[in-house]
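Accompanying notes for the structure given below.
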Amino acid sequence: MIARGEVDVGDVGRFRNRGEVYRYSMGAGDIEHLRRRRDVVVSGVDGAAVYGELLSSEGASVDLYLARSAHESLGSDVVAVVDPLGSVVVRVVADELWPLVEAMSTDGDGGFRVAPRGAVALDLMESGDPRHWVAAEHLVESVG
């Protein structure tokens with residue numbers, strides 16, 4: 001189960017349906033604003049850092065989870081340009097499932113909500129960076 005970190009990072013295809021994926025280009029201020037919103041859950045490199053992985057966010061994508069309703073109003077809060085090569089990856093979760101996402105997330109020491117280790121590991125596995133894959137394995141192995 002993703003919430004408990006029980007994922008097989010060798011078979012990430014099994015977990016592809018974690019939300020509808022959108023990619024954006026955004027300025028640093030808008031990214032920081034989004035990360036600190038209470039209705040956003042952070043994952044990827046930023047989430048891994050909260051769990052103790054030593055990864056650099058320089059050049060890395062920013063992985064976020066949002067409820068569908070929050071995503072629909074995204075443009076009224078930040079400047080988000082749809083970009084298939086953008087560095088901001090937003091996974092949109094159905095509103096009826098969002099309370100489950102919130103319940104599984106935790107408060108990070110960076111002032112933002114963080115996805116569970118399993119979700120962070122899966123998001124890291126979608127990166128092309130082998131250092132992210134190693135961090136994903138550490139996250140999964142550190143559970144239990």
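These figures come from a predicted structure and were not determined experimentally. All values below come from the heavy atoms of this structure, side chains included, with hydrogens, waters and symmetry mates left out.
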State yes or no: do [X] and [Y] share one hydrophobic cluster built from I, L, V, M, F, W and Y residues joined by side-chain heavy-atom distances below 4.5 Å, directly or via other members?
| X | Y | result |
| --- | --- | --- |
| M104 | V93 | no |
| V82 | V88 | yes |
| Y24 | V45 | yes |
| V42 | L139 | yes |

About how many Å separate [atom2] of [Y] and [atom1] of [X], when rounded to the nearest 0.5 Å?
| X | Y | atom1 | atom2 | answer |
| --- | --- | --- | --- | --- |
| R91 | L66 | CZ | CG | 12.0 Å |
| S56 | H132 | OG | NE2 | 8.0 Å |
| L34 | L64 | CG | CG | 6.0 Å |
| E141 | R117 | CD | CZ | 11.5 Å |
| S61 | D129 | OG | CG | 10.0 Å |

Q) Mind checking what makes side chain to side chain contact (heavy atoms under 4.5 Å, CB included) contact with R68, not counting sequence neighbours? A) E20, Y22, E72, V92, D95
Q | For V50, side chain to side chain contact (heavy atoms under 4.5 Å, CB included) partners two or more places apart | A | D109, F112, V114
Any chance the side chains of [X] and [Y] put a donor and an acceptor closer than 3.5 Å?
| X | Y | value |
| --- | --- | --- |
| D83 | S25 | yes |
| W98 | E102 | yes |
| Y65 | D123 | yes |

Looking only at heavy atoms, what is the nearest atom pair of [X] and [Y], with distance?
| X | Y | value |
| --- | --- | --- |
| L124 | A135 | CD1-CB, 4.0 Å |
| L85 | R23 | C-NE, 4.2 Å |
| R36 | G111 | NH1-CA, 3.5 Å |
| V120 | A115 | CG2-O, 3.6 Å |

Q: Evaluate whether atom CZ of R131 has more than 12 neighbouring non-hydrogen atoms of other residues, nucleotides or ligands under 6.0 angstrom away.
A: no
Within a strict 4.5 Å, meaning less than it, do heavy atoms of the [X] and [Y] side chains meet?
| X | Y | answer |
| --- | --- | --- |
| H33 | D77 | yes |
| V21 | V90 | no |
| V79 | M26 | no |

(Q) Please determine whether a side-chain nitrogen of the Lys or Arg among R113 and D39 lies less than 4.0 Å from a carboxylate oxygen of the Asp or Glu. (A) no
Q) Is it true that D107 and R38 make a salt bridge, defined as a side-chain N closer than 4.0 Å to a carboxylate O? A) yes
